[in-house]
*Asks:* 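Would you mind keeping the following structure in view while I ask a few things?
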Amino acid sequence: MGLIDLHCHLLPAVDDGALDVADSLAMARRAVAEGFEAICATPHIRSDHDVVLEELPGRVAALQDELAAREVPLRVLPGGEVSELAVARLEARELRALTLNRGRWILLEPKAGPLSDTLDAAVERLEAHGLHALIAHPERHLGEDLFERLGRLVARGALVQATAAFFTREDTAPGMRMLAERGLVHVLGSDAHSSHGGRQIEFAGALEALAGVARVGPHLEWVADAAPRAILAGERPPLPYAPG
Ligand SMILES: [Fe+2]
């Protein structure tokens, strides 16, 4: 069974991700070579990107058709990377349409700066609609109370998705390791934007780094497989470690 990427800007020409279909195909081919079987296409749902929600199912289907035509064995699944600031303006049906694989999980992007009560409010609003929050980009918010805030959100049902590439970058690896040691990394995402540069769709380095974290190492199969599969199925997987 292959890997699953829950966070990727794979759709062509829709946000700041893949430039065109050729770029998407190059990303997809590389992902297959890295052992991936499925990728959630998660375009930015944020005021600075004009993504038309109604178009997303057609865009996902069109890319899946392109992949099939070129015999690239990768499933493209629907989703979105929903800014915490966008949650309040989206209707329940729009939020449901943006869940990962039309399940119950929203990939939630905290606003810039330290985490604040507005993130809690967004998680609460999702809960009110029967949805769970998968918090993206914890590494961008390494503030004083990050661990405490994330821990509280996890205790109430949220999960944390860490950006895989940051486990292997010298400047970011120590922070990522700290998050993992605190039990605050549950699944990985590539957050890849293009085949032409930046982060690529690969988890090998991150999984190797996580293998060396006492808390997480024994549960790598959960992180790499069981948890993302549960998320795609709209379920909340039982956690093998508690935050703290
Ligand atoms: Fe992203």
Side-chain angles (χ1 to χ4, degrees), residues 3-20 23-24 26-28 30-31 34 36 38-53 55-56 59-60 63 74 76-87 90 95 97-101 103 105-113 115 119 122-123 126 131-142 146 150 153 158-169 172 175-176 179 184-203 205-206 227-228 231-232:
L3 292 164
I4 294 163
D5 187 0
L6 296 171
H7 182 169
C8 185
H9 299 267
L10 184 67
L11 290 181
V14 66
D15 60 355
D16 57 354
L19 299 174
D20 48 28
D23 196 8
S24 300
M27 291 170 78
R30 179 155 177 182
E34 287 288 330
F36 286 81
I39 292 180
C40 281
T42 54
H44 287 292
I45 308 301
R46 205 164 80 179
S47 58
D48 54 343
H49 290 279
D50 261 339
V51 176
V52 180
L53 300 190
E55 289 178 5
L56 288 179
R59 288 180 180 271
V60 169
L63 180 55
L74 182 77
V76 185
L77 306 171
E81 180 181 9
V82 183
S83 148
E84 78 172 53
L85 299 172
V87 168
L90 292 167
L95 287 168
L98 287 166
T99 52
L100 299 170
N101 198 31
W105 289 87
I106 288 280
L107 182 66
L108 184 61
E109 181 191 32
K111 68 177 189 209
L115 301 187
L119 181 64
V123 172
L126 293 177
L131 303 175
H132 306 305
L134 177 60
I135 298 167
H137 294 303
E139 68 280 348
R140 282 187 190 159
H141 310 274
L142 289 169
L146 171 74
L150 282 179
L153 291 170
L159 290 178
V160 179
Q161 174 261 305
T163 304
F166 290 156
F167 283 94
T168 54
R169 252 176 52 179
T172 50
M176 300 309 287
L179 274 170
L184 290 170
V185 171
H186 302 109
V187 291
L188 297 170
S190 73
D191 192 26
H193 282 65
S194 172
S195 65
H196 299 294
R199 298 182 284 273
Q200 298 299 311
I201 305 168
E202 53 191 31
F203 287 178
I231 287 170
L232 291 186

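Hydrogens, waters and symmetry mates play no part in the numbers below; they use all other heavy atoms, side chains included. Start at 1 and go down the list; that is how both ligands and their atoms are numbered. Numbering starts at 1 and runs along the sequence shown. A quick note: this is a predicted structure, and the numbers were derived from the prediction, not measured.
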*Asks:* Taking Glu109 first and then Arg140, would you say they form a salt bridge - that is, a charged N and a carboxylate O separated by under 4.0 Å?
*Replies:* yes

*Asks:* Crowded around Asp48 CG? As in, over 12 foreign heavy atoms under 6.0 Å?
*Replies:* yes

*Asks:* So, the side chain of Gln200 versus the backbone of Ser194: is there a donor-acceptor pair under 3.5 Å, distance only?
*Replies:*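 Side chain of Gln200 to backbone of Ser194, a donor-acceptor pair under 3.5 Å: yes, one is there.
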
*Asks:* Does any N, O or S atom in His7 come within less than 2.8 Å of the Fe ion (ligand 1)?
*Replies:* yes

*Asks:* Only one of Leu6, Val185, Leu134 passes side-chain contact (heavy atoms from CB on, under 4.5 Å) with Leu159; say which it is.
*Replies:*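 It is Leu134, the one option of Leu6, Val185, Leu134 that forms the side-chain contact (heavy atoms from CB on, under 4.5 Å) with Leu159.
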
*Asks:* Got a sec: is Glu109 within less than 2.8 Å of the Fe ion (ligand 1) via an N/O/S atom?
*Replies:*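 It does not: Glu109 brings no N, O or S atom closer than 2.8 Å to the Fe ion (ligand 1).
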
*Asks:* Checking only N/O/S atoms, does His193 have one that is under 2.8 Å from the Fe ion (ligand 1)?
*Replies:* no

*Asks:* To the nearest 0.5 angstrom, please state how far the CG atom of Leu11 sits from the CE atom of Met27.
*Replies:* 9.5 Å

*Asks:* Quick check: of its N, O or S atoms, which one does Glu81 have closest to the Fe ion (ligand 1)?
*Replies:* OE1

*Asks:* Taking the N/O/S atoms of Asp191 one by one, which is nearest to the Fe ion (ligand 1)?
*Replies:* OD1

